[in-house]
Amino acid sequence: MTDAPARLAAFLEQLEEARRARDVTVVVVTKFHPVELVRELAATGHRDFGENRHPEARDKAEALAELDLTWHFVGQLQRKKARQVARYADVLHSIDSVELVDALDGGEPGDDRPVRDALVQINLTEDPARGGIEATGLDALAERVAASDSLRLRGVMAVAPLGEEPASAFERLAAHAERVRTIDPAAEWISAGMSGDWREALQHGATHLRIGTAITGNRPVGG
Ligand SMILES: *Cc1c(COP(=O)(O)O)cnc(C)c1O
């Protein structure tokens, strides 16, 4: 007899504890679904919801204002609309250019607006037309967000490219996240993982999973 069985049990217990200690936020992405679906999910106690288009996002946030939900904007942010989005979105996942941050910081002096949590979106593909900043511009953008009056640098966000193993893409993302933490050690969030690849994202340190169809079911036509 050895104490291996006891050590196994102790190890599994520690593993379970470590799992519980890791704070993971599930952002339920409700784009194209009616506000009633969000209400139904909120009634279970869930608080974090994501949308990718203004003004659909604004309409839902306004319709459910009394529920005090946390709204995550995960779609591409147009410079001209960004300040409107920042009025209702608590977390902006898709900060992808210095010009966008300039637009968010601009406005009338004395404008009363909340400071929003912000993630720098990184383009993990080779295609510059896809959303997100390319790796070469990451440091400058993260520094700009860290210096912003209207944003609080929280970390990074990415979508795994098609045609690549998500695990290898998320591994690169984790390295980028580490670089951003040298700019601000508090920028610990990694928004990664959708219905099809959240397990791989979790393995590579995701703190925010953006889950749509696995929870909402298929999106209505148009989605
Ligand atoms: C729609 C969307 C999701 C959710 O995708 P599912 O595959 O339905 O889970 C996550 N992230 C972004 C940026 C999205 O636009």
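Note that ligands are numbered from 1 as they come in the structure, with each ligand's atoms numbered from 1 the same way.
- The shortest N/O to N/O separation between Val74 and ligand 1 does not fall below 3.5 Å.
- Within 6.0 Å of CD in Gln76 there are 12 or fewer heavy atoms belonging to other residues, nucleotides or ligands.
- The salt bridge (charged side-chain N to carboxylate O under 4.0 Å, His left out) with Arg172 is formed by just one residue from the set Glu178, Glu165, Glu164; it is Glu164.
- Each of the following atoms of ligand 1 lies closer than 4.0 Å to a heavy atom of Arg219: 1 (C), 8 (O).
- Shortest non-hydrogen contact noted between His72 and His93 is ND1-NE2, 2.8 Å.
- When each of Arg116, Arg144, Arg79 is tested with Asp105 by the rule salt bridge (charged side-chain N to carboxylate O under 4.0 Å, His left out), just one qualifies, namely Arg144.
- Contacts of Thr213 with ligand 1, taken as heavy-atom pairs under 4.0 Å, involve both backbone and side chain.
- With a 4.0 Å cut-off on non-hydrogen atoms, His93 does not touch ligand 1 at all.
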For a salt bridge (charged side-chain N to carboxylate O under 4.0 Å, His left out) check, start with the C-alpha distance between Arg39 and Glu66, then their side-chain angles and the critical distance, and finish with the verdict. CA-CA 11 Å; Arg39 202 184 282 282; Glu66 84 284 0; 3.3 Å; yes
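- Checked options Val180, Ile133, Ile122, Ile183; the residue passing with Leu141 is Ile133 (criterion: side chain to side chain contact (heavy atoms under 4.5 Å, CB included)).
- Interface of Ile211 with ligand 1, defined as ligand atoms under 4.0 Å from a residue heavy atom, comprises 9 (O).
- Those atoms of ligand 1 that come under 4.0 Å of a heavy atom in Arg210, given as number and element, are 4 (C), 9 (O), 10 (C), 11 (N), 12 (C), 13 (C).
- Taking only non-hydrogen atoms, the option from Lys31, Met194, Glu51 nearest to atom 14 (C) of ligand 1 is Lys31.
- Among protein heavy atoms, the minimum distance from atom 9 (O) of ligand 1 is reached at Ser195 OG, 2.5 Å.
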